Structure formats: C-alpha cells, structure tokens
Amino acid sequence: MTTWLYGINPCSISTGGNTGFPCNVNAITIVSLSLGASGLAFLMIGFLMLKLRRAPKGNELMNKISTYIQTGAKAFLKTEYFYLSIYCIFMTGILVLLYCLNPPSGQKIDGVRVGASFLAGALLSAGAGWCGMAVATDANVRTTQAADKEGLSVALRVAFTGGAVMGFTVVGLGLGGLSLFFFLMSLGYADDDTSGVSSLVYSVDSLAGFGFGASSIALFARVAGGIYTKAADVGADLVGKVEMDIPEDDPRNPAVIADNVGDNVGDVAGMGADLFESFVGSIIAAATLANGDTALIMLPFWIAGAGIVASTLGYFAVGTKDNASQHDLLFALHKGTITASVFVLGFCAVICSQLFAGREKEGWMLFACIAIGLVAGILIGQATEYFTSYSYSPVKSITEAGVTGPATVIIQGLGIGMVSCVAPVLIIVATILGCNALAEDYGIAIAAVGMLSTLGVTLATDAYGPIADNAGGIAEMAELEVRVRDTTDALDALGNTTAA
C-alpha cells in the first residue's frame with residue numbers, strides 16, 4: 001500500500017518525510033505549469049480569432065440574418081445573467097457570513113476568501129459562455145460563405161475554428177482562474193511545523209467556492225438555455241413543417257431566428273458553462289483529496305496544463321476532403337481528439353516520473369488511472385457515435401421505422417436511446433472500480449481529470465455543431481443554391497453526432 005492512501009503526507013517533517021522536490025515548492029510553483037498552459041490557450045485564442053477573421057462573411061442578406069441571430073442571443077444572455085447576478089451577490093454574502101462566523105483555518109478572512117472564489121468562478125463561467133456565443137454567432141455566416149464558395153473541407157475548418165475558440169476559452173479561463181486563485185488563497189497562511197501543509201490544505205479548501213460559483217452558473221445557463229433551445233426548435237418545426245408545410249429554416253417562418261438563437265444560448269453558452277464547471281470541478285476534487293501532499297496537489301494542475309498543450313497540437317490534425325462522407329467527416333474530427341490523447345498520455349508519463357521520484361509505484365498507479373480515464377472518455381464517445389451517427393445501423397433503423405408512420409419512429413427511437421445508455425454506464429462503472437482498486441478515491445478523481453484533460457479540442461468538436469446548424473439556417477433563409485444547403489446539412493449531421 002502507498003503512504004498517501006493512509007493519509008500520511010510524505011512531505012511531512014514530523015513523519016520523517018522528504019524535504020526535496022516537490023515537497024519544497026511554494027504555491028506559485030505548484031501552478032506554474034498550469035499558468036503557462038493557460039497563457040498558451042489565450043495565445044491560441046488570438047491565433048484562431050485572426051484566422052477566423054480572414055474568412056469572408058458573404059453578402060449583405062447573409063450578414064443581416066447573422067446579426068439578427070447574434071442580437072437575439074445577446075438579449076437572452078443579458079437577461080439571464082441579470083437575474084443570475086442577483087443570485088450570485090446574495091450567495092456571496094451568505095458564504096462570507098458563514099465562513100466568517102466559523103472559519104476552517106481560524107482566520108475570519110476565510111469568509112472573504114471563499115466569497116471571492118465563488119464570485120470569480122461564477123464570473124469566469126459566465127464569461128466563457130458569453131465569449132463562446134459571440135464567436136459562434138460570428139463564425140456561422142463565415143461557414144455558410146465557405147460552404148458556398150470553397151466547399152466542404154474549408155467550411156469544416158471554419159466551423160471547427162469557431163468551436164475551437166470556445167474550447168480554448170473554457171480551458172484557458174478555467175485553468176488560469178483556478179491556478180491564480182489557488183496562489184491568492186495561499187497568501188496569508190502561516191506555515192506550520194509540517195512544512196506548510198496546512199497552508200496548502202486551506203488554500204485548496206477555499207477553491208470549493210470557485211467550483212460552487214462555476215456550478216451555479218452552469219446549472220442555470222444549461223437548464224434555461226436548454227429549455228429555450230428545445231422550445232424554439234419544436235415551435236419552429238410545429239409552425240413550419242406541421243402547420244404550413246414549408247421547409248426547415250424557411251425565411252417565411254419567423255420562429256427560425258429563435259431556433260438559431262437557441263442553438264447559441266443553449267448548445268454553446270450553456271454547454272460551455274457546464275463543461276467549465278466539470279473541468280475546474282475535477283481539478284478541485286483531486287487537489288482536495290490530496291490531503292496536503294504537494295505532489296498530489298500539483299498533479300491535476302499539471303495534467304490539465306499538459307492537456308492544453310496536447311489540444312493545441314490536436315487542433316492542427318483536423319481536416320478532410322471536399323467529397324467526404326459522414327464517416328470521413330467523423331474521422332476528420334477524431335484525428336484531433338486522438339492526436340491530443342496520445343500527446344497528453346506522453347506528457348502525463350513524464351509528469352508522473354518527475355513528481356513521484358522515490359515513489360515510483362504510486363506514480364505509475366496514478367498514471368494508469370489517468371490513462372484509464374482518458375480511454376474511458378474515448379470509448380464513451382465511440383459508443384455514443386455508434387448510436388447517433390447515420391453511418392451506423394441504429395440511426396438507419398429509426399429512418400426505416402418512419403416508413404410506417406410517426407408511432408414506430410417514436411418506439412424505435414426510444415428503444416435505441418435506452419440501449420445506447422448501456423455501454424457508457426458499463427464503461428464508467430469499470431473505470432470507477434479499476435481506479436479505486438489502484439488508488440482509491442484519489443485515483444477516481446485523477447481519472448476524471450485525465451478524461452477532461454483534452455477538453456480544449458473535444459469541446460471544439462461539440463461547439464462546432466451549433467455553428468454548422470446556424471450556417472444551414474442562414475443558407476436557407478438567404479435562399480442560396482441547394483448545393484450550399486447540402487454541404488451545411490452534412491456538417492450539421494456531423495455536429496449532431498459530436499454534440500451527443
């Protein structure tokens with residue numbers, strides 16, 4: 001058994017622990033790699049924005065439609081964030097009061113620490129959603145123009161670039177904000193006779209407020225945005241397809257704008273806030289379970305930082321040909337996630353070997369948990385793809401059921417949906433059991449960090465979907481040629497699968 005599984009800190013002087021690296025590092029060194037990786041994420045955002053700006057925006061009508069969508073999305077988020085701000089201010093006051101009255105460290109300032117962390121988590125989560133929405137509503141018309149003038153491969157690249165901005169914004173703000181606040185929370189605590197362990201424990205505990213703030217925004221943004229999205233989507237279909245018998249996204253249907261707005265506020269802003277919370281929450285959970293062990297606190301921060309570097313490399317691996325099938329398009333995006341996964345595994349092997357020198361057995365057990373989490377995420381994605389892509393039999397069987405009417409479509413679709421849950425559940429259970437056997441609670445937590453480490457590129461494949469969907473709507477409303485809609489429909493079908 002490893003020492004940290006018993007709660008014994010190998011860096012503790014009182015137990016005869018190590019005084020060298022990594023036990024002798026301070027708070028800023030712990031998050032040095034993650035802060036540097038966050039800087040890389042922001043540089044990547046700048047590069048992607050410049051690349052996106054070079055893509056043409058099309059004619060006046062296309063831009064007018066895009067402006068309507070962007071105006072609607074901004075109006076929704078402004079209203080949503082106004083009410084959320086009231087909630088956040090109220091909860092900040094409650095947290096400050098509670099932690100001042102009963103401070104974990106004995107310092108009354110703990111209330112201010114937790115309250116500030118809560119506000120920071122909420123603001124950064126909301127900011128990630130807003131930035132993603134702003135970029136998505138700018139990239140949609142550029143994707144339509146690329147589909148019209150340059151073909152499928154360029155349109156895929158433009159839409160994916162827009163999604164990548166969202167991905168790197170989430171990981172950059174999430175990891176950068178969390179790392180900065182970990183350092184700030186460490187200030188003011190006096191090191192004790194166990195080489196500053198209490199300082200690190202209290203610093204990590206204060207980050208629970210950061211995760212709570214991110215979760216608060218994610219809950220409301222995901223639910224409110226999701227309800228609006230589905231309501232607008234169903235409403236547009238009922239009016240257009242059922243009542244008026246006109247094509248989807250027909251310019252005569254005013255609900256189409258609301259439908260396209262919903263894609264951005266629910267599937268981009270809401271989803272971004274949701275994954276922001278998952279990303280930072282996994283890091284906070286692992287660092288909290290470290291129980292003051294410096295190496296175990298550093299590990300999730302450094303893995304997340306390595307994931308940003310790997311995601312940057314993965315972005316450049318995405319590409320396809322103009323006459324690509326759905327299978328080819330899926331593989332084009334898979335190249336990005338697989339490339340990032342391979343690189344992050346290599347980076348994690350190096351990180352574990354350095355952080356656990358003298359504790360090699362523990363280090364490789366944790367590396368195994370990281371690898372299990374990463375592979376589990378890929379397998380869940382592959383299983384979901386099988387049940388949601390038109391390239392495979394489950395979706396085709398739903399299409400065939402439509403020959404006999406809507407009732408059989410509902411029955412077949414519900415059945416396929418139920419069966420599709422089996423594989424992810426089994427994979428998750430196997431991951432939990434395997435990592436628990438290797439490294440108990442901390443192993444499970446670090447597997448979650450590994451699973452989310454490549455979020456920069458995997459979120460890009462997710463946010464890409466609403467951009468492609470909007471591009472198809474603009475093509476239809478601007479009355480472009482049928483071939484343009486065929487191209488955007490291919491991208492949209494791919495986006496539905498990657499979103500799932």
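Everything numeric here is computed off the predicted structure, so don't read it as measured data.
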J.: Aromatic contact between F220 and Y87, with the criterion being ring centroids under 6.0 Å apart: yes or no?
T.: yes
J.: Do L452 and S278 touch side chain to side chain, with heavy atoms closer than 4.5 Å?
T.: yes
J.: Would you say the ring centroid of F182 lies under 6.0 angstrom from that of F301?
T.: yes
J.: In the structure I gave you, are the side-chain heavy atoms of I303 and F347 within less than 4.5 Å of one another anywhere?
T.: no
J.: How many angstroms lie between atom CG of D233 and atom OG1 of T229, to the nearest 0.5 angstrom?
T.: 8.5 Å
J.: Determine whether L200 and I30 satisfy the following criterion, side chain to side chain contact (heavy atoms under 4.5 Å, CB included), listing intermediate values before the conclusion.
T.: CA-CA 10 Å; L200 296 180; I30 289 175; 3.8 Å; yes
J.: Strictly distance-based, threshold 3.5 Å: is any side-chain N or O of Y464 a donor or acceptor partner for the main-chain N or O of L491?
T.: yes
J.: Could you check K74 against W130 for side chain to side chain contact (heavy atoms under 4.5 Å, CB included), going step by step and ending with a plain yes or no?
T.: CA-CA 8 Å; K74 287 182 177 178; W130 180 274; 3.8 Å; yes
J.: Keeping D462 on the side-chain end and T458 on the backbone end, is there a donor-acceptor pair under 3.5 Å?
T.: no
J.: How about L43 and T312: do any of their side-chain heavy atoms sit closer than 4.5 Å?
T.: no
J.: Can you check whether P466 reaches N140 side chain to side chain, under 4.5 Å on heavy atoms?
T.: no
J.: Report the residues that fulfil salt bridge (charged side-chain N to carboxylate O under 4.0 Å, His left out) with D263, sequence neighbours left out, ordered by chain and then residue number.
T.: none
J.: With distance as the sole test, does T137 use its side chain to make a donor-acceptor pair with the main-chain N or O of A134 at under 3.5 Å?
T.: yes
J.: Checking D138 now: which residues fulfil salt bridge (charged side-chain N to carboxylate O under 4.0 Å, His left out) with it, not counting sequence neighbours?
T.: K57, R142
J.: Are any of the side-chain heavy atoms of I45 and F42 separated by less than 4.5 Å?
T.: yes
J.: Are any of the side-chain heavy atoms of D441 and N436 separated by less than 4.5 Å?
T.: yes
J.: For the CG atom of N470 and the CG atom of N260, what is their distance to the nearest 0.5 Å?
T.: 4.0 Å
J.: Are more than 12 heavy atoms from other residues, nucleotides or ligands located less than 6.0 Å from atom CZ of F212?
T.: yes
J.: State whether the side chain of S215 and the backbone N or O of G211 hold a donor-acceptor pair below 3.5 Å, judged by distance alone.
T.: yes
J.: Measure the spacing between CG of L84 and OG of S216 and express it to the nearest 0.5 Å.
T.: 8.5 Å
J.: Over 60° means perpendicular and under 30° means parallel, so classify the ring planes of F160 and Y315, tilted if in between.
T.: parallel
J.: Do V344 and C348 make a side-chain contact, defined as non-hydrogen atoms from C-beta onward lying under 4.5 Å apart?
T.: yes
J.: Of the options L459, L124, T169, L455, which is the one that meets F276 in a side chain to side chain contact (heavy atoms under 4.5 Å, CB included)?
T.: L124
J.: Could you tell me whether the side chains of T29 and N26 share a donor-acceptor contact shorter than 3.5 Å?
T.: yes
J.: For the side chain of T339 and the backbone of G336, is there at least one donor-acceptor N/O pair under 3.5 Å apart?
T.: no
